[in-house]
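Each remark here refers to the structure printed beneath this line.
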Amino acid sequence: MREHRIRTIDDWNLTRRALLASLGVGLGTVALPHPHAGAQSPEATAGARAESLTIDLSSEPDTLDPALTYTPAGWSVVHSVYDSLLQYDNDGNLELLLAESWEWTTPTTIQVKLRPDITFHNGEPLTSNAVQFSLAHITAEETASQVSANFAVIESFNEIDDLTFELVLSQPAPWLPAQVAAWLAILPPEYATSNDFARNPIGTGPYKFEEWRSGESIALSINDDYFAGSPKGAQIADAVTYRFVPDATTRVADLLSGSAQLVQGVPIDQTGSIEDGGQMVIAQPVSGTAFVRVPNTVEPFIDPQVRIALNMAVDVEGIVEALDGGYGTRQANLFVPSSIGYDPDIAPYAYDPEMARELLESAGYADGLSLKMDVSALERLDIAQAIAAQLGEVGVDVAVTQKEPALFNAPDQWTGVAEDAAELRVITWRPLFDPYTLLSLMFSNTGFLSRFDDPTIQGLIDAFSTESDPESRSAIGRELGKEMHDNPAAIYLYDLTAIYGLAADAPPWSPRADEYVIATYRGE
Amino acid sequence: MARALATRLIYTMLVVLTAMSVVFLLLHLSGDPADALIPPGSNPDDVAALRAKFGLDKSLPEQYLDYMRNAARGDFGDSWRSGQPAMHLVLERLGATLLLAMTAFLIALAVALPLGVVAGTGRYRLAGWLASGVGVLGQALPAFWLGTVLILFFSVRLGWMPSSGREGFRSLLLPAVALAAFPAATLLRLVRVSVADVMGADYIRTANAKGLPGRLVLWRHIARNAMLPAIAYAGVVGGFLVAGAVVVESVFAWPGIGQLALQSVASRDLPVIQAFVAVVAVLIVLANLLSELVALLADPRLREASASGAVR
């Protein structure tokens, strides 16, 4: 049993640290066996399916319309019921899901062939028409999707036959697959035209929608006709219930008392009680990153030395160790290991407060600086405060303000027009498989969230947005990453980690770098 | 009595209207409500379209009049998050909150009344200690903390109760106890003090002097008279229970309006917040009205006063 668990964790592709931590859990389990572990261990063999699985999510989805779902909780249900044409594996490789092939015939034309013989849960067949319908839905004005702009580049949809179609783009858009994977879940056209699919969804996914009890839970059941060999993996339960439990301590209690077998969003200080209770802690690196956005369009940040000094002044490793249980690695720029264009050879800034002070001095700020820093109420205030304290050590006095999410995200807060807008903003961003969206919105001179403008970096962002050859695009990404490291647009912090609790007697489950909590297992 | 009722009804309407207006103004003046609708990185044209779609392009007085006009018909608009009618979302969850609040109220009464009366007489030392303990702890322990401790002890350690959710009666007990702790403590103190107060009254001395049995004096004369402040306070408790439910529901993942309100505030889902406030205002006013009616029935002096129109 122990061997099985170690093999499974290995398969989940954890960082070395996380692996050690998880092994600690396994050993802990041996020392302190869970009362049910012995009795039910035969079920825990790979490929076994549980009769039912209860999953605690930290929030309730607002809707199950894939075009309007913007949270990991919502994605978890949406991507259980629906499939996209493509998806990413945990290393950031694009995989074919409903598409059998995806081919760039020219830099502005994509030819897609769908998998044959796929049916929706209501029996409707998957055809080119369904893709066209779904695309029309996400871009329709009345849908008011926040991501519709990402699909505006698609100029026309040409159906070639029932299972083949062509997308013609107005300009090269090598970043489009990432948008398709994340947002373009395929709807059944006949059903969706006349039914409220936002409340009663029907898709092609591994699980069928059963019931939504408002404020309480969403119940799914296994789709027995799900296509074999899906990269999503094999279903691990006949029935899946997602419960909405906002309080993290309660989620952990649910796991320990057996009310739930899988819980999302375990706070770092509660991993110990899960281990003590004989259950498993799973840490999955997420395709996402944390950083403090720093503008370069206003003083005192125009001189890159100042921005470099800020990076050197923060002991990111120390913060991760002290406040995040060691989950997360200091990053050199915005690219994380699962991103296109990630370069492991670019070293992050080392913590060097002495050097930071010297740089500030040579930039003309020997007397220090006085800055403001904003952090959304959804993010961790303690981490922002730790960063501010360390900046204080080098003479940069930082006043931290926590703002309600809606205020934090107001456009004039991003652009610095608002009177109380801080120069420094603590951000976490996901997904980052293709960093195009983040770069173009927040660091290009045309981005709505941007206070950054640098001609070299702009040129590279433009090239990164249009280069159609994957190899060259990846090389541009690495060059861009180097440039953004040397001429920083942020205090680069660490890559994100999702922490889950899984019952010792639950079937093996695969966490995902895109944070969808789907009851599937991708095998050894 | 009829006149008193009519006055109360007018008060009720005024309170609800005021609450709705204040919330409308607070929400609209504390920042641009459209911010919540606008995705990070949307282009200005989309923003303008969204504003128009939700009527946010009109002037504030116009929006206010629209809002009040529609609210009068029970139409609070559609939730910005889920697209469903806001009032429907609130009413759908109201039952769960009422069930929780009523159960908590009954638990509070069941603890506070007997214990308060017995402790108030000062005759039984054990009851005095118990009452002090409940009174201090119930007021000092925050509901979210108490809730978490209850879960850890009764669900995780003992495995007696479900740790969260709504699965039958057993799921109700822990959140109701967590919610009841504070009102139980305050009610208990109130009853205890007023019993002690009434004990010294002339009519009690008379009753005792008449040779009535002690138990009869205690329950018929002392307790009944001591109940009056407690009844008045019960109306206030109604408001507390709804406010406390916001916290307790979130700890126990109880699917009531409290959780809905928290989520809606976090995402500035204005229609749902406004519907929530309207419903809560009505509830609290009703709770007060109810407690006043009970007071009228229990206290002949109040009845006479309102009949002659001298008071209120």
Side-chain angles (χ1 to χ4, degrees), chain A residues 35 54 56 59-65 68 70 141-142 144-149 152 196 198-199 213-217 243-247 249-260 273 277 377-378 404-414 418 437 440-442 447-450, chain B residues 30-44 46-47 49-50 53-54 79-84 88-89 92-93 96 144 147-148 151-152 154-167 249-260 262-263 265-269:
Chain A
T54 302
D56 274 10
S59 64
E60 178 173 16
D62 298 330
T63 160
L64 294 178
D65 181 341
L68 301 174
Y70 314 113
E141 205 174 303
E142 61 270 21
S145 169
Q146 297 191 1
V147 294
S148 63
D196 183 9
R199 297 292 297 182
R213 294 164 75 178
S214 179
E216 211 172 338
S217 61
R243 302 163 78 241
F244 321 128
V245 185
D247 189 277
T249 309
T250 308
R251 289 197 295 277
V252 171
D254 283 348
L255 177 68
L256 295 177
S257 66
S259 300
S273 49
L378 296 176
E404 284 306 314
L407 173 62
F408 182 87
N409 280 319
D412 56 355
Q413 295 280 334
W414 283 100
T437 323
S440 65
L441 288 178
M442 215 180 284
F448 302 117
L449 308 180
S450 175
Chain B
S30 66
D32 186 347
D35 287 352
L37 286 168
I38 300 166
S42 17
N43 78 52
D46 293 350
V47 175
L50 274 177
K53 181 176 170 186
F54 291 100
S79 158
W80 291 354
R81 292 190 308 148
S82 74
Q84 292 187 289
H88 167 79
L89 284 176
E92 187 180 51
R93 306 274 195 99
F144 72 88
T148 305
I151 292 176
L152 291 180
F154 288 102
S155 307
V156 175
R157 178 68 67 83
L158 298 177
W160 289 355
M161 302 280 172
S163 41
S164 70
R166 183 173 57 173
E167 271 131 44
E249 284 176 5
S250 150
V251 170
F252 287 91
W254 185 261
I257 53 173
Q259 267 210 75
L260 180 71
L262 272 188
Q263 288 169 1
V265 168
S267 52
R268 284 187 99 149
D269 192 345

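Within every chain, numbering begins at 1; the chains are lettered A, B, ... in the order of the sequence lines, protein sequences first and strands thereafter.
Residue A/Q413 does not touch chain B at all, counting heavy-atom pairs closer than 4.5 Å. For chain B, the nearby parts of A/S214 are the backbone and the side chain; heavy atoms of each come within less than 4.5 Å. Residue contact with chain A, scored on non-hydrogen atoms closer than 4.5 Å, involves the side chain of B/Q84 exclusively. Proximity to chain B is limited to the side chain of A/R199, based on heavy atoms less than 4.5 angstrom apart. Only the side chain of A/A144 comes within less than 4.5 Å of a heavy atom of chain B; its backbone N, CA, C and O stay farther away. Within the 4.5 angstrom heavy-atom criterion, no atom of B/L260 approaches chain A.
Between A/A253 and B/L152, the closest heavy-atom pair is CB-CD2, 4.5 Å. Here the closest non-hydrogen pair linking B/R166 and A/R213 is O-NH2, 4.1 Å.
Checking side-chain atoms of A/T250 against main-chain N and O of B/V251 turns up a donor-acceptor pair under 3.5 Å. Using modelled atom types, one side-chain atom of A/R243 and one backbone atom of B/S164 make a donor-acceptor pair closer than 3.5 Å.
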Kindly indicate, with the supporting measurements, whether the criterion side-chain hydrogen bond (donor to acceptor under 3.5 Å, both in side chains) is fulfilled by A/S259 and B/S163.
-> CA-CA 7 Å; A/S259 300; B/S163 41; 3.1 Å; yes

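Ion pairing between A/E404 and B/R268 fails under the 4.0 Å rule for side-chain N and carboxylate O.
Interatomic distance, CG of A/D62 versus CG of B/D269, reported as 8.0 Å (0.5 Å rounding). For the atom pair OG of B/S82 and CG of A/D65, the computed distance is 11.5 Å after rounding to the nearest 0.5 Å.
Annotation: side chain of A/P246 is in contact with side chain of B/Q259 (closest heavy-atom distance under 4.5 Å).
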